[in-house]
Amino acid sequence: MSGTEIKYERDQGEDISRATDDSKFGGPQHDEDPLDILEVSGLEARQTALELAMQADPGPDWKDWRFIKYCLICALIFMAPGDWGFDGTVVGSINSMEQYQSYFDLAGEASTKTGVVLGIGAAGTIISFVPSYVVPDRYGRRWAMSLGNIPSIISAFMSGFAPNYHTLLAARIIGGLGFQGAAPAAYLAEITPPKYRGRVIGAFDSMYYIGQIIATGICIPFGRGTSNWAWRVPFCLQAAPLLVLMAGILFCPESPRWLYAHGQEEKALRILADLHSRDGDINSPLVQLEMQEIRAQISQDGADTRWWDFRSLFNTRANTYRFLLGVVNLVWSQFAGNGLVTNWLPELIRQAGITDTNRQRQLTFANAVTSFAGAMTGVAIVDHVGRRGLMLWAAASCGIGMAICAGLLSDTGPKTLMRTNASIAFIMLFMVCFSIGWTPLQQLYPTEVLSYENRQKGNALRSMISILINSPALLTHIQWKTYIIFVVLNAIGFVLIYVFAVETKQLSLEDLDEVFESRNPKKTSLVLVKQAKRNARQSNVAAAAAA
């Protein structure tokens, strides 16, 4: 029985018990009450159908040009978070250069003027709020990624050639006007086969650290120079990956889900077959199953076609739950304390007792490398541990890390060399823990929990919330006491995640629509994870027996 046959039977209202027959997968055996079983039984049948479809069509071989093309698309899209990491780090690294501070008359690394440079880009982000969701939904993910990078490219060159402080501020505001929004992550999620989605989107977020590594690595040799090119060149280099992305994305296929939502079903089907099917066959069980689910879940007259209509984010209990889970993910990945470390690491190092600016940049570079290693560890385990498990780990470990850093950086006791080294080590260890738990999920989890029609608007609202909760000047005023605040926030986040977070691993984007419609989404998702593990175990046993 093919995956499409199973799906067809379920859609016709026939008995779905055959899809989870003991002879194939051991059958569902639940400890939950009968109502819970009824709620998840249809999704279990869909999971089984997907498993059978992937067995029938495992996708393009890694040597196939179509698989290579998919990898090249991913590499191109990865330039977006790489640039975000570059932008988020380069100002902090440049801020430790004496020639930069002298040129713009910045009185100390944690001065008010420096805080303005770091934070004023938020003004541009607020202005770009509407384009950040209108352009991806109306004109496509590709055009959003192409045209949306123009302000950031202008900002890079303006910053590099800024003749005065006010021009620098204007450049930072223009940089915030970039309106590609969540289009890169949404695009990847929408073109990626379900079996790769967790690792690919997790790797997408991890490219942030590649941007950090490049930014801090460049600033080390340039910082030793004496001319103003020491800080001008790093600013200008930020435009390089954006120029490649801006041009290259127009040669890539559009999101199949976006195409279907805009009445181009045949083209969407061909792209799915090209990227997901072993033989590029539009009649593949896997392609047909995915297309059926897209038809069932995406409306061609949905709220995404009405740019002013935000009611769909809150018009049902399920949609409100989904949006709030995305907010929890955003807020507590910021409340973990990573922004404090990312933007202000040279200043944190100075507070720990290391005043040599070259040494500060070297430690910032080392932190980027170890953070990337942590992020890739998280990517490797995200589909095994699950989203809930990683978020719980992140909240717990980051809370403990913030508590230790508060003690080491506090005013009590002398600042010995051993204490200084321990402070730096724990700051870096904190970022490793953060990177393992939060980095793979910052784009992946919101993309999964938000429905197609709410994805761009929901992420645009999340960006506004991010601006409100980030305060780069906080460290200036209360210094090490900032860490205590983050300890408390991480504890609150752990409780919220444990009580409310839904597990999304091994579920298609369309499956999640039904998960959130159930009476208890968290419980339903956990039951489905158990069933998916049981299916996989039984499938492996059957494959071994056949061999």
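Nearest heavy-atom pair across A268 and M291 is CB-CE, 4.4 Å. Here the closest heavy-atom approach between residue P234 and residue W229 is recorded as CD-O, 4.0 Å. Of all the heavy atoms in S435 and P440, the pair that sits closest is O-CD, 3.2 Å. The two residues R66 and D64 come nearest to each other via the heavy atoms N-OD1, 2.7 Å. Pairing each heavy atom of V385 with each of L390, the nearest pair is CG1-N, 4.0 Å. Between A171 and M158, the shortest heavy-atom contact is CB-CB, 3.5 Å.
Taking the side chain as every heavy atom from C-beta outward, L330 and P446 never approach each other to under 4.5 Å. Within the 4.5 Å cutoff, the side chain of L325 has heavy atoms near those of the V502 side chain. Between S93 and I218 there is no side-chain heavy-atom pair separated by less than 4.5 Å. With contacts defined as side-chain heavy-atom distances shorter than 4.5 Å, the pair R317/F516 does not qualify.
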For this session: Evaluate the criterion side chain to side chain donor-acceptor pair (under 3.5 Å) for residue pair R387 and T504; output intermediate values, then yes/no.
Result: CA-CA 7 Å; R387 288 40 159 175; T504 61; 3.2 Å; yes
Task: Stepwise side chain to side chain contact (heavy atoms under 4.5 Å, CB included) test for N367 and Y209 - done: CA-CA 9 Å; N367 176 71; Y209 294 117; over 6 Å; no
| task | Take I249 and R141, measure what side chain to side chain contact (heavy atoms under 4.5 Å, CB included) needs, and give me the verdict at the end. | result | CA-CA 9 Å; I249 191 60; R141 313 316 195 199; over 6 Å; no
Open item on the list: Would N315 and N319 count as a side chain to side chain contact (heavy atoms under 4.5 Å, CB included) here? Give the steps.
Closed with: CA-CA 7 Å; N315 62 352; N319 283 343; 3.0 Å; yes
* To do: Could you walk me through whether H262 and W258 pass the side chain to side chain contact (heavy atoms under 4.5 Å, CB included) test, one step at a time?
  => CA-CA 6 Å; H262 288 76; W258 185 88; 3.0 Å; yes
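Looking at K69 and D274, a side-chain N of the basic residue comes within less than 4.0 Å of a carboxylate O on the acidic one, giving a salt bridge. Taking the charged nitrogens against the carboxylate oxygens, E254 and R142 do have a contact shorter than 4.0 Å, which makes a salt bridge. One finds a salt bridge joining D87 and R172 here, because a Lys/Arg side-chain nitrogen approaches an Asp/Glu carboxylate oxygen to under 4.0 Å. In summary, E265 and R295 engage in a salt bridge, as defined by a charged side-chain N under 4.0 Å from a carboxylate O. A salt bridge between R278 and D61 is absent, with no side-chain N of the basic residue lying under 4.0 Å from a carboxylate O of the acidic one. Under the 4.0 Å criterion applied to side-chain N and carboxylate O atoms, K505 and E448 are not assigned as salt-bridge partners.
Using cut-offs of 30° and 60° on the angle between ring planes, the pair F235 and Y100 is tilted. Ring-plane geometry between F161 and F157 is classed as parallel, the angle between the planes falling under 30 degrees on a 0 to 90 degree scale with a further cut at 60.
No donor-acceptor pair closer than 3.5 Å links the side chain of N149 to the backbone N or O of M246. Panel note: side chain T167, backbone P163; no donor-acceptor pair is recorded below 3.5 Å. D57 places a side-chain N or O within donor-acceptor distance of the main-chain N or O of G59, the cut-off being under 3.5 Å. A donor-acceptor contact shorter than 3.5 Å links the side chain of S333 to the backbone of N329. Formation of a donor-acceptor pair under 3.5 Å by the S525 side chain with backbone atoms of K522 is found in this model. At least one donor-acceptor pair under 3.5 Å links the side chain of R455 to the backbone N or O of L450. Of the possible donor and acceptor atoms, none in the side chain of R197 sits under 3.5 Å from a partner among the backbone N and O of T192. A side-chain donor-acceptor contact under 3.5 Å links E503 to the backbone of R388. Looking only at distances, no side-chain donor or acceptor of S128 sits under 3.5 Å from a matching main-chain atom of S132. A donor-acceptor pair is defined here as one N or O able to donate and one able to accept, closer than 3.5 Å; such a pair exists between the side chain of T216 and the backbone of I213.
Sparse packing is recorded around CZ of F500, with 12 or fewer heavy atoms of other residues, nucleotides or ligands lying under 6.0 Å away. Remark: W84 CH2 is packed, more than 12 non-hydrogen atoms of other residues, nucleotides or ligands lying under 6.0 Å away.
Checked against the 6.0 Å centroid threshold, F335 and F486 do not count as a close aromatic pair. A distance below 6.0 Å separates the ring centres of F104 and W231. With ring centers used as reference points, Y208 lies 6.0 Å or more from F204.
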